[in-house]
Every structure is written in structure tokens, then in C-alpha cells.
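A note on names: the letters A, B, ... follow the listed sequences, proteins ahead of strands, and every chain is numbered from 1.
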Amino acid sequence: MSESNPQNPRITWEGCSVLLDINDGDRLVFARLSPSSTIKIGNKKCCLSPLIGCPFGSLFQVETGPKGPYLLRLSATAAAESDHLKEKDDSQPTEGTNDNRSLIDNNKAQSLSGEDIDAMRREGATGDQIIEALIANSSTFDKKTLFSQEKYRLRKQKKYAPRVLLRRPFARSICEAYFKKHPARIGFMRVDALSLLLSLADVSAYSDVLVVDMVGGVITGAVAERLGGTGHVCNTYFGVTPYPMDIVRIFNFNDQICGRIVQTPVADLCSNQENKIEHFISHENTSSLETQPDADERSLSTTCILSDDAILEVQSVQEEISNDSLVKSVSVSETFISSGNGTSDHMDVDPCSTKSLDVIHEENASPVLKTCKSVKPGRQASPEAIKLWKENGFTSLIIAAPDLDTWKIVEELLPLLSYSAPFAIYHQYLQPLATCLHNLQTAKMAVGLQISEPWLREYQVLPCRTHPFMQMSAFGGYILSGVRICSNKPSHQS
Amino acid sequence: MLPIDPAKKNSFQRKICDGDLVIVYERHDVMKSVKVCDGSELQNRFGIFKHSDWIGKPFGSKVLSNKGGFVYLLAPTPELWTLVLSHRTQILYIADISFVISYLEIIPGCMVLESGTGSGSLTTSLARAVAPSGHVYTFDFHEQRAASAREDFERIGLSSLVTVGIRDIQGEGFPDEFCGAVDSVFLDLPQPWLAIPSAGKMLKQDGILCSFSPCIEQVQRSCESLRAHFTDIRTFEVLLRTYEVREGRMNCGGDNEGASPGSRPSKRRLPSSSEGSNGKETKGGSVMAMARPCGRHNFDWSET
């Protein structure tokens with residue numbers, strides 16, 4: 001969607017960022033398409049160039065040709081046909097006479113050996129042919145129920161003919177992918193929580209949105225997506241080091257949108273309140289020896305750890321960028337683990353997360369890629385813009401700073417918000433928001449105060465087989481929302 | 001309602017003018033939309049409020065009645081509008097709305113179809129998401145309801161972004177002029193499977209459809225119909241749990257003075273005398289803000 005390339009944003013281009021959904025969500029990879037970029041699926045390394053110029057939503061299958069494995073685009077009709085096959089099964093959802101009474105777990109049901117399969121491969125058999133052979137040589141396949149036959153086929157397909165779905169990197173898919181594979185990186189914010197934040201903060205074109213984004217840039221990116229190149233998203237930070245926002249680079253933002261993403265230290269936004277800020281920073285950098293309310297004490301002490309983390313993460317991001325020009329294909333989990341050291345445990349809490357969410361960055365900065373980078377998201381806000389925000393106030397405020405003291409941030413930033421402007425604060429824990437709500441109410445700073453917890457359950461809906469998904473996150477975070485009111489007192493009260 | 005019009009953009013400089021729409025806030029669950037009209041009055045349980053007192057004040061101001069009662073005057077947003085609009089039908093609430101907008105991947109400039117219009121609760125959020133250059137075409141077969149919705153959109157300043165059509169989408173499908181031109185389609189119909197084939201024709205390649213149904217039987221039939229025309233079909237149940245926060249006193253035992261947790265059912269009305277006392281030790285027990293889930297929740301299904 002780069003400006004020099006006024007092409008259909010629904011078709012990929014060279015230098016475009018994509019989300020690759022491998023085997024129905026088993027693995028999710030963010031990649032940048034270039035003639036030289038590759039992806040490793042199982043033990044096969046495939047070139048991503050066939051994906052350039054394809055519409056988003058295209059489906060590919062790994063096939064082996066004379067020059068090694070490659071990605072073959074499945075035509076819409078072929079994909080539909082395989083769906084239709086399933087459909088045929090579905091249309092007669094007999095519970096069937098088969099059950100598992102005759103299945104014995106002795107590992108002898110399959111008569112094809114690994115060597116047989118390798119031999120088939122050498123002879124150039126397609127993945128689909130191998131699957132058919134496996135079914136034909138399974139002594140138990142016919143004894144399975146229709147549903148479990150379908151499951152068997154799907155399992156073999158994933159192994160012998162893996163499929164790659166080409167998807168648009170939108171706030172929704174990016175948040176979902178991170179939540180699934182690296183939830184800690186985005187503060188365990190589920191996509192429904194992110195959606196709520198954007199609605200509750202009334203983010204729309206021409207808004208000037210103030211954000212504290214300590215969740216990797218997912219909020220900054222989501223807000224910029226909704227602004228569509230108008231208004232501003234002002235990503236503010238305490239202290240001197242901006243918070244990392246590398247997720248923003250996964251979106252396919254054009255120059256116009258990137259130019260609307262700016263960063264500025266809190267100190268510059270409230271320069272008439274310097275004492276206050278120094279006070280805050282001193283809290284951030286020294287462990288809190290003063291007496292603090294219980295809840296605050298814990299988050300303040302973690303703050304110290306986090307400020308180190310933040311710096312480490314920035315380094316790792318820089319490294320990632322420099323890797324762009326050095327290495328052909330880097331998976332981000334490696335990048336983070338090798339350069340992150342201290343950060344890695346902070347990010348990779350989820351044990352299953354280590355392998356499956358990758359970001360592939362490419363060298364060969366194509367002309368298109370270069371134009372993408374010509375306006376970098378996150379420039380420092382101009383003094384004119386800051387002056388304007390001071391005069392008019394921001395139109396909304398979103399905070400997701402899991403490791404800072406929520407109430408202290410709100411006390412500091414709420415006065416920067418226009419009267420009657422909405423705000424929404426995300427937190428992984430309820431108590432900091434409860435405390436904050438209570439304080440806002442007592443200080444009569446806001447109305448319409450509400451703490452909500454989004455709840456989400458996905459379902460499998462199939463004939464005779466409708467049920468909730470078995471493995472779902474029961475937790476998506478909490479949101480405190482409200483509307484700033486106009487007080488006749490001086491706008492900032494301590 | 002939207003900052004597309006720079007004069008209406010929220011700002012410290014902006015004052016309430018004659019003719020503005022304001023949301024009169026009494027309590028978080030008692031609000032009302034009022035068109036400011038010099039010479040008019042608003043009467044409620046707190047007394048009589050003169051509109052002329054409101055003009056020239058910033059949005060977000062507290063205004064007094066003849067009896068000294070007060071309300072706040074807020075600038076309208078789609079979220080507040082959802083809470084004050086007149087219910088001509090069952091409406092979608094914030095949890096569903098925000099989820100639907102995200103999953104439909106609606107961004108500025110998108111072209112969106114909706115049916116039915118109903119009370120227009122979702123429509124205002126769709127309009128916000130497509131602004132400034134996109135458009136929402138919303139259809140309802142009920143002539144009067146469509147007219148009321150149209151009046152509402154006019155009133156809240158969205159008519160440049162929303163077109164209301166009268167049409168039985170289940171029976172006739174969407175108009176052919178939208179064929180292949182639409183980014184997203186939203187269906188809230190009793191028999192969505194009847195409209196799905198038409199919706200499929202309207203969408204651009206890789207366009208997204210979302211159908212919202214309260215019953216799982218409807219969802220099942222829709223999914224069957226979707227499988228013939230769509231891929232990547234997913235079904236979600238969405239709901240929102242809200243919490244009430246009040247100040248609780250935790251006694252160390254022995255001392256029975258003061259309220260015990262749970263004895264005050266009043267929602268979020270906290271004693272104001274305790275300003276800044278959160279977490280401080282008082283009378284041998286500590287006072288802190290405590291949260292617990294509220295009683296009732298809505299829930300619904302949606303699919304993409």
C-alpha cells in the first residue's frame with residue numbers, strides 16, 4: 001500500500017508484510033515478501049516468491065519438485081473441491097456403526113514404513129498421493145467413524161502436504177497471532193480487549209489519541225490503522241527511552257499513516273509540571289523506599305525491572321533492523337533470545353510460544369521496501385504539534401502499561417485530555433484498575449467509570465459436532481473506561 | 001459526533017452551542033440525549049435546567065438546576081449513543097460492536113453493507129470506522145424503522161456517511177449495484193442463511209462477512225450456507241463482565257465497628273469523606289478499593 005505503488009491493497013507486492021498461517025493456525029509467521037525470502041516448514045525450505053502478486057486469502061500447499069520443495073498455489077476451485085469433499089461427508093452425518101471397540105493401540109495399523117514414504121517422495125509422489133497411500137495401507141481406517149476418518153486425513157495432510165494461508169496483517173490478525181504464540185509480548189491482551197479499547201476510547205479519523213503503549217506497539221498500530229492517515233497517535237513515554245513498538249512495522253502502513261505515528265516523552269507534554277515528573281521518574285528509577293499503598297508498591301518495584309527490560313528490547317529491535325541488511329532470513333524468536341537475554345523470560349512465558357511465531361525480515365531492500373521505510377513510524381512529535389495538543393487537549397487516551405503504577409499515570413495524563421474526552425485503560429490485573437477507579441471517583445476527575453472484563457469463546461460449528469473449543473484462554477484482561485469531566489479547579493491537582 | 005468536522009472536534013476551546021446534541025449524564029446508567037435549544041428547559045428529578053445556562057460552557061461541565069441538583073453535559077460518542085438511543089428493536093452493545101468492527105477489519109475508506117438497520121446502534125460505530133472517505137449502506141425492510149434511523153443519523157451528524165435503504169434483504173438480496181464492490185457485510189437477520197449467497201456476491205475478494213445471531217440453531221444453518229461460499233469460518237460467543245468497585249474496610253478481627261464487606265449494595269457510591277485514604281490504615285483496619293462482578297450479563301453469538 002506504499003504510495004509509490006498505488007496498487008490493490010488486497011494483492012501482495014514485493015516488500016509487503018504478510019501473515020502466513022501454516023496448517024490452520026498451528027504455526028503463524030510474519031514475513032516480508034521478497035524474491036529471496038524463504039520459510040522453513042517441517043524440514044523443507046520453501047521460497048516465498050510465489051506468494052508475490054497473489055491476493056490475500058490465497059492458499060498454498062508444499063509440494064516437492066525436481067528443484068526441491070516449493071509452494072504451489074491451490075486454485076480457488078481446488079480448495080473449494082476439498083471443502084466439498086468434507087461437505088459430502090457432512091451431508092450424511094450418520095453417527096455411524098463404527099466406534100473404537102476394535103481399535104488396538106499396538107502401533108501395527110500402518111503397514112507403510114518411513115522408508116516406503118521416502119521412496120515415494122524420491123519418485124516424485126505428491127503429498128496428496130502419499131496421504132492416499134497411507135489411508136490405503138491403514139488397516140484401521142475403515143473401522144473409524146466418519147468424523148475420525150476426516151481427522152486422520154487432516155492430520156496426515158498437515159504432515160505430508162502442509163498448507164500455507166496468506167493473510168493480511170491487520171490489528172485483528174496480529175493481535176490474535178501474538179496472543180496465541182507470545183501473549184506476554186502484548187501484555188496478555190486478547191483481541192476482544194484490544195477492540196474494546198479502541199471503541200471505548202472513541203478512536204476515529206482525525207482523532208488525536210494519546211497512548212502509553214508498553215505492549216510492543218500493538219495499540220499504537222491498531223490506533224493508526226483506525227486513523228487511516230489522519231489525526232495523530234502520540235505514543236508517550238516516561239523517562240528518556242521510548243517504549244519499543246516493533247509490532248507497528250508488521251502492519252502494511254504507507255507513509256501517510258506512518259507519519260501520523262509520533263513519539264514524545266511525557267515531560268514534553270506537561271512541561272509546566274516539571275516537579276511532578278521528576279517525582280515520577282525518581283520513582284521509576286529507584287526502588288520505592290517511601291511508604292506506598294500495598295498495590296502500588298509491587299508495581300513500582302517491577303517498574304525498575306521493566307525500565308531495564310525496555311532498554312534491552314530497544315537494543316534487540318535495533319539488532320533486528322541491522323539484521324535486515326545482514327542475514328537472509330531470521331526468525332524473531334532467535335533474534336530475541338540471542339539478543340534479549342534478560343528479556344527473553346519476560347517475553348516467552350508461554351512454553352509453547354518458543355517455536356511458532358516468527359518474523360522474517362529480508363535483505364534486498366527492494367525499491368518498494370525502501371519507500372515503506374522512508375517515513376519511519378514513531379518520529380519525535382514536532383513542537384507545533386505539542387503546542388496544539390496543549391491548547392486543545394487530546395481527544396482520547398489509551399493506556400496499556402502493565403508494569404507502571406496505573407493511578408500515577410492516569411493522574412499525570414488525564415489533564416492532557418480534552419473535557420468530555422473518553423479514556424480506556426488496559427491491565428492484566430483487576431486491582432490496579434479498581435484502585436484507579438476509586439481515586440478518579442474520589443477526586444471527581446471523571447464520570448461514566450466502569451471496569452469491564454471481555455469474555456470470549458470460540459466454537460466449532462459442524463453438523464452434529466458443535467462444541468466450544470477445548471483449549472481457550474479464559475483470560476483476556478480488564479479495562480477501566482470513563483469520560484473526563486471539566487472541573488473548575490486548576491487542571492492539574494496533585 | 002465524529003471529529004470529521006473540525007469545528008465539532010473535541011477540544012479545550014470547544015463550547016456548547018445552540019443546536020448541539022449533548023448527552024445529559026445523571027448516573028452511569030441514567031443518561032439522555034438532548035438537542036440544546038436556547039429558551040428550552042430540561043426537567044428531571046433534580047429540578048429544572050435551563051438550556052441557556054449550558055450554552056458557552058465546555059462539554060464535560062457540571063450544570064445546576066433551579067433546585068441545586070446537577071448533571072454533566074457530555075459530547076456524544078457512538079458508545080454513549082448506544083446507551084441513550086430509543087430501542088425500536090433489540091440492539092447490539094459495546095462488546096459485540098467492538099468485536100464485530102475488529103473482525104470485519106473495517107478501516108477508513110471501507111464500503112460496508114448492513115442489514116437490518118434496527119435501531120442503528122451498530123451503524124453509528126460502523127460509520128465512525130469508515131469515516132472520512134468510506135460509506136455504510138444499511139437496509140431494513142421496515143419503512144418506519146428505516147425512517148426513524150435516518151432521522152437519528154441526521155440528528156447525530158452522520159448522514160454523509162450512512163445511507164439507509166428500505167429493502168427485504170432476506171427476500172431480495174442486496175442491490176446489484178454493490179456487486180464485488182464491498183469490503184465487509186454485516187447481517188443481523190432472523191434467517192441470515194437466505195441473505196448469505198447475495199452477501200457473497202457483494203464482497204470483494206477476501207472480503208469479510210459477519211452474521212450475528214442469538215440462537216445456536218441459526219448459527220448452525222448460517223455456517224452450512226457459509227461453507228458453500230466462504231472459507232475461514234469462525235464462530236464466537238462474546239460477552240462483557242462488569243465490575244463494581246467500592247471501598248471496603250478490612251478489620252483485623254475483634255473490632256466490629258464499620259461496615260463489613262458486602263453490606264452496602266449501592267453501586268459505586270463511595271463515602272467521599274475518605275478522600276485519598278485508599279490503602280491507609282484507619283481504626284485498626286485497612287480501607288481499600290475492592291472490585292466484584294456485577295449481576296447481569298448479555299451474551300450473543302457472531303460469526304465471520
Side-chain angles (χ1 to χ4, degrees), chain A residues 10 55-57 79 83 87 168 170-172 191-192 194-196 198-200 202 204-207 225-228 230 293-295 391-393 395 418-422 430-431 434-435 437-439 441-442 447-459 461 463 466 483-486, chain B residues 2-4 9-13 25 28 58-62 72 74-75 77-79 94-95 97-99 101-103 105 107-109 125 128-129 131-132 204-206 216 219-220 223 227 231 234-243 245 247 268 270 272 274-276 278-279 289-291:
Chain A
R10 291 177 178 274
F56 283 104
D83 278 350
E87 186 83 344
R168 299 193 277 182
F170 259 61
R172 189 265 285 196
V191 61
D192 49 331
L194 176 64
S195 313
L196 263 175
L198 298 171
S199 289
L200 289 169
D202 190 26
S204 65
Y206 296 107
S207 303
E225 189 179 274
R226 294 275 171 106
L227 295 179
T230 65
D294 307 5
E391 283 168 13
N392 295 326
T395 57
S418 290
Y419 302 126
S420 196
L430 180 55
Q431 188 58 49
T435 305
L437 185 149
H438 177 66
N439 292 348
Q441 208 154 37
T442 320
V447 294
L449 289 165
Q450 176 122 45
I451 294 179
S452 22
E453 180 190 7
W455 190 97
L456 182 70
R457 183 143 75 177
E458 186 164 7
Y459 283 75
V461 178
T466 294
V483 177
R484 190 196 172 189
I485 54 175
C486 172
Chain B
L2 302 178
I4 318 165
K9 184 167 171 172
N10 209 355
S11 146
F12 287 133
Q13 320 300 329
Y25 176 101
H28 76 283
F59 278 94
S61 293
K62 181 173 166 177
Y72 290 98
L74 305 181
T77 63
E79 283 62 46
I94 176 119
I97 292 173
S98 59
F99 194 74
I101 304 276
S102 277
Y103 265 76
E105 297 186 344
I107 55 170
S125 288
R128 174 175 64 189
K204 294 178 186 167
Q205 192 169 29
D206 202 34
I216 190 69
V219 173
Q220 281 176 320
C223 280
R227 269 191 284 275
T231 60
R234 300 176 69 184
T235 306
F236 295 94
E237 180 186 358
V238 186
L239 57 83
L240 203 60
R241 171 186 246 185
T242 53
Y243 288 80
V245 174
E247 198 170 66
R268 283 195 263 127
L270 309 167
S272 54
S274 58
E275 193 157 332
N278 180 40
M290 296 192 289

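Panel note: side chain Asn10(B), backbone Tyr419(A); a donor-acceptor pair is recorded below 3.5 Å. In this structure a side-chain-to-backbone donor-acceptor pair under 3.5 Å is missing from Arg484(A) to Gly60(B). Tyr25(B) places a side-chain N or O within donor-acceptor distance of the main-chain N or O of Gly448(A), the cut-off being under 3.5 Å. Under the 3.5 Å distance criterion, the side-chain polar atoms of Glu225(A) are left unmatched by any main-chain donor or acceptor of Ile107(B). The closest donor-acceptor contact from the side chain of Gln431(A) to the backbone of Ala289(B) lies under 3.5 Å.
Between the CZ atom in Phe59(B) and the OG atom in Ser418(A) there is a gap of 11.5 Å [rounded to 0.5 Å]. The distance from atom OH of Tyr72(B) to atom OG of Ser420(A), rounded to the nearest 0.5 Å, is 12.0 Å. The CZ atom of Arg234(B) sits 4.0 Å away from the CD atom of Glu458(A) when rounded to the nearest 0.5 Å. With rounding to the nearest 0.5 angstrom, the OG atom of Ser125(B) is 11.5 Å from the CG atom of Leu198(A). One finds the CD atom of Glu453(A) at 9.5 Å from the CG atom of Leu239(B) (value rounded to the nearest 0.5 Å).
Using a 4.5 Å cut-off between heavy atoms, Leu227(A) contacts chain B through its backbone alone, with no side-chain atom that close. Within the 4.5 angstrom heavy-atom criterion, no atom of Ala171(A) approaches chain B.
Put simply, the side chain of Arg226(A) reaches to within 4.5 Å of the side chain of Ile101(B), judged on heavy atoms. The shortest distance between side-chain heavy atoms of Phe99(B) and Leu456(A) falls below 4.5 Å.
Partners of Glu105(B) under the side-chain hydrogen bond (donor to acceptor under 3.5 Å, both in side chains) rule, at least two apart in sequence or in another chain, are Arg168(A), Arg172(A). Residues passing the side-chain hydrogen bond (donor to acceptor under 3.5 Å, both in side chains) test with Arg128(B), sequence neighbours excluded: Asp202(A), Glu79(B).
Minimum heavy-atom separation, Ser207(A) to Lys9(B): C-NZ, 4.5 Å. Between Leu430(A) and Ala291(B), the shortest heavy-atom distance links the atoms CD2-CB, 3.8 Å. Here the shortest heavy-atom pairing between Leu240(B) and Ser452(A) reads CG-CB, 3.7 Å. The two residues Gln13(B) and Glu391(A) make their nearest non-hydrogen contact at NE2-O, 2.5 Å. Heavy atoms only, all atoms of each residue included: Asp206(B) and Arg10(A) are closest at O-NH1, 3.3 Å.
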